[in-house]
Amino acid sequence: MSDILASRRSRTPSHSRLRRVLLGPRPDAVPALIAKACAAIGLLDVLAGVFARFRHSRMYTIAEVLPGALGPFAAALSLSVGLLLLLLAHGLRRRKRRAWRAAVVLLPAGAVAQFTYRHSAFGMLISLALLTLLIRHRGEFAALPDPRSRWRAPSNFLLWSAASILLGLVIVSVHGRRTVGDPSLADRLTHVMAGLFGLEGPVRYTGSTTSWTVAFSLGALGWITAVTTIYLAFRPEHPAARLTEDDEVRLRALLDKHGRRDSLGHFALRRDKAVIFSPSGKAAVTYRVVSGVMLASGDPIGDVEAWPGAIERFMDEAKAHSWTPAVMGCSETGGEVWTRETGLDALELGDEAVVDVADFSLSGRAMRNVRQMVKRIERAGYETRVRRIRDLGENELERIRLAAENWRGTDTERGFSMALGRIGDPGDGDCLIATAHKADEVPGEYGDLKAILHFVPWGKDGASLDLMRRDRAADPGMNELLIVATLEAAPKLGIARVSLNFAMFRSALARGEKIGAGPVLRAWRRLLVFLSRWFQIESLYKFNAKFQPRWEPRFVVYRASGDLPRIGFAAMQAEGFVDLPLPRFLRRRTATPRACTHGTVERGIHTA
């Protein structure tokens with residue numbers, strides 16, 4: 001009996017493999033399989049269109065039966081179809097419905113071409129096999145379109161223009177043996193630029209076939225660039241979700257009840273974020289879609305018991321559009337709920353510096369540097385004021401807005417997960433504003449104002465730092481002065497705790513500089529110090545550490561390790577560290593925010 005069971009077990013793996021072959025691939029693996037097949041066919045078609053030795057694809061064989069100039073035209077067809085298939089592969093991998101529709105039209109055409117012109121049953125069967133997979137698993141390609149980006153069409157034009165010029169130079173160069181004379185690089189480049197517009201260039205060829213082949217190929221590149229740009233510019237708008245007035249009212253109600261739990265809660269009120277509520281309406285997740293990443297920030301808002309409902313709808317929305325789900329800057333509790341409810345993973349991103357007002361004091365050796373700096377600036381004639389936004393007059397508030405705008409270090413407003421992006425909004429009356437003044441100087445453009453700190457509410461008894469701005473001509477130490485002033489004024493304002501800047505990779509920096517740190521940790525710290533030349537990594541950590549805070553870890557939640565580079569790039573775009581500026585005439589005017597219509601689901605780093 002045991003021998004029989006052993007023999008059955010030994011046959012089980014082969015039987016299961018045979019069964020998988022007969023049944024075909026798993027449904028969830030079909031999009032990636034089709035995408036790879038389209039990319040492979042597209043690459044071969046591009047090679048066939050550029051290099052004569054590769055012209056054995058189905059598009060080039062049309063030239064064998066079509067007369068006249070259609071012979072060279074086949075190379076252009078091969079090049080065009082190949083590039084379009086390469087474009088189509090990305091949409092198929094992301095399970096986009098529009099890409100599926102295009103593939104369903106393209107594959108039968110390829111099968112007909114294989115059978116009619118080349119009489120190739122093998123090529124026809126490959127096309128039909130892919131078509132069968134697409135139709136059989138059509139439910140896997142249900143992702144809705146992405147939000148329309150204001151720079152998608154211009155960036156497509158720039159990228160395709162550059163790619164067309166480079167590929168055009170390759171096409172002209174591979175036919176160099178049949179050119180008249182020895183054209184220079186400038187002549188070839190001029191020929192390519194003219195050919196993209198369908199014009200004749202300065203390069204001449206010994207045979208008419210070669211001349212027509214190059215001309216049609218360059219014209220095909222120009223045609224693809226123009227058509228894709230026009231399509232992206234004039235396609236039906238699918239607007240990005242925005243925070244509506246009703247959404248904001250509901251979020252503020254949740255923050256009034258549960259805002260004390262997360263210091264980043266008030267940043268959910270950024271109006272360039274969208275929101276998804278739980279079925280009960282007692283919890284919500286705010287997010288923004290950047291480069292195909294559905295990026296949430298902080299913990300869900302509202303009752304912890306209702307978080308799973310909001311998280312489930314967030315994941316449903318990500319699946320409906322085939323977006324990559326991710327969460328930036330959630331707390332330990334938030335990370336535990338996200339990973340438990342979704343199966344995602346969490347990675348420690350850094351630490352948030354939180355100062356308990358009751359424990360803060362300038363006395364002691366640890367606070368010596370801060371104490372000396374504050375005393376020195378006070379002796380220089382600076383004074384501070386800490387008030388609620390609602391207690392400021394409109395004229396002073398306008399001066400503060402203008403100063404904060406003009407003192408910004410970059411043209412791009414930075415912030416997403418830990419920045420509000422506005423000052424003095426009527427709904428933000430509870431925000432704190434700390435200002436530094438120097439009255440003994442002649443008032444400038446902003447009066448005697450020299451530095452600004454803006455804090456958002458953290459429940460009823462807390463404040464979270466939003467932005468830090470100062471006059472570059474003012475004495476150094478303005479930020480330290482205003483933070484100390486805020487902490488000293490906090491008890492009178494009912495503030496018991498203040499959240500300062502977020503320090504990325506704080507634990508690595510702290511452990512890496514201690515005695516006994518291993519070589520890997522020291523190397524990681526050296527890399528972070530090197531990156532601090534461009535990003536405020538080490539400087540924010542050291543600045544925060546001056547005030548002897550307690551450190552609260554923050555996490556990034558992600559689906560797979562391979563998604564981390566993409567999530568990191570999307571986060572940098574959202575925070576404003578990566579921006580693609582447009583000429584003024586291409587910038588879209590600010591439109592009235594609209595609710596998200598993507599599906600049926602209901603609807604920063606602190607700037608230093």
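All values below come from the heavy atoms of this structure, side chains included, with hydrogens, waters and symmetry mates left out. Owing to the predicted nature of the structure, the values given are computational and were not obtained by experimental measurement.
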In short, side chain to side chain donor-acceptor pair (under 3.5 Å) pairs touching residues 357-371 with sequence neighbours left out are S361-S363
* **side-chain contact (heavy atoms from CB on, under 4.5 Å) assessment of I433 paired with I400** => CA-CA 9 Å; I433 191 79; I400 290 174; 4.1 Å; yes
Between E383 and K450, is the closest basic N to carboxylate O distance under 4.0 Å?
no
Indicate every side-chain donor-acceptor pair of residues 340-350 with a distance under 3.5 Å to a residue at least two apart or in another chain.
from: T342; atom 1: OG1; to: W338; atom 2: O; distance (Å): 2.4
from: T342; atom 1: OG1; to: L344; atom 2: N; distance (Å): 3.2

Q. Can you tell me if T339 uses its side chain to pair, donor with acceptor, with the backbone of E336 under 3.5 Å?
A. yes
By side-chain contact (heavy atoms from CB on, under 4.5 Å), D256 pairs with (sequence neighbours left out) K460
Under the side-chain contact (heavy atoms from CB on, under 4.5 Å) criterion, do V484 and M367 qualify, and how do the steps go?
-> CA-CA 11 Å; V484 170; M367 298 297 295; 5.8 Å; no
Can you classify the ring geometry of Y287 versus F314 as parallel (below 30°), tilted (30 to 60°) or perpendicular (above 60°)? perpendicular
> Any salt bridge between R470 and D475, counting N to O under 4.0 Å?
Replying inline: no
side-chain contact (heavy atoms from CB on, under 4.5 Å) filter on L255, not counting sequence neighbours, yields H266, L269, I301
Run the salt-bridge test on R401 and E398 with the 4.0 Å N-O cut-off and return the result as yes or no.
yes
| task | Classify the side-chain pair S297/K273 by whether it contains a donor and acceptor separated by less than 3.5 Å. | result | yes
Ion pair present between D430 and R388, side-chain N to carboxylate O less than 4.0 angstrom?
no
Can you give each donor-acceptor pair under 3.5 Å made by side-chain atoms of residues 545-568, sequence neighbours left out, with the distance rounded to 0.1 Å?
from: K546; atom 1: NZ; to: E480; atom 2: OE2; distance (Å): 2.7
from: Q548; atom 1: NE2; to: A545; atom 2: O; distance (Å): 3.3
from: R550; atom 1: NE; to: D356; atom 2: OD1; distance (Å): 3.4
from: R550; atom 1: NE; to: D356; atom 2: OD2; distance (Å): 2.9
from: R550; atom 1: NH1; to: E552; atom 2: OE2; distance (Å): 2.5
from: R550; atom 1: NH2; to: D356; atom 2: OD1; distance (Å): 3.2
from: R554; atom 1: NE; to: E352; atom 2: OE1; distance (Å): 3.1
from: R554; atom 1: NH1; to: D262; atom 2: OD1; distance (Å): 3.2
from: R554; atom 1: NH1; to: G329; atom 2: O; distance (Å): 2.9
from: R554; atom 1: NH2; to: D262; atom 2: OD1; distance (Å): 2.8
from: R554; atom 1: NH2; to: S263; atom 2: OG; distance (Å): 3.2
from: R554; atom 1: NH2; to: E352; atom 2: OE1; distance (Å): 2.9
from: R559; atom 1: NE; to: D563; atom 2: OD2; distance (Å): 3.4
from: R566; atom 1: NE; to: S291; atom 2: O; distance (Å): 3.4
from: R566; atom 1: NH1; to: T324; atom 2: OG1; distance (Å): 3.2
from: R566; atom 1: NH2; to: S291; atom 2: O; distance (Å): 3.3

Has the side chain of T286 got a donor or acceptor atom that lies under 3.5 Å from a matching backbone atom of A274?
no
Exercise. Does R472 count as lying over the ring of W407, i.e. NZ or CZ under 6.0 Å from the six-ring centre, within 45 degrees of the axis?
Worked result: no
*asked:* What verdict does the side-chain hydrogen bond (donor to acceptor under 3.5 Å, both in side chains) test give for T333 and S331, after you've listed the backbone C-alpha separation in whole Å, the side-chain angles of each residue and the deciding distance to 0.1 Å?
replied: CA-CA 5 Å; T333 301; S331 68; 4.7 Å; no
Taken in chain and number order and not counting sequence neighbours, the residues that satisfy side chain to side chain donor-acceptor pair (under 3.5 Å) with D351 are R506
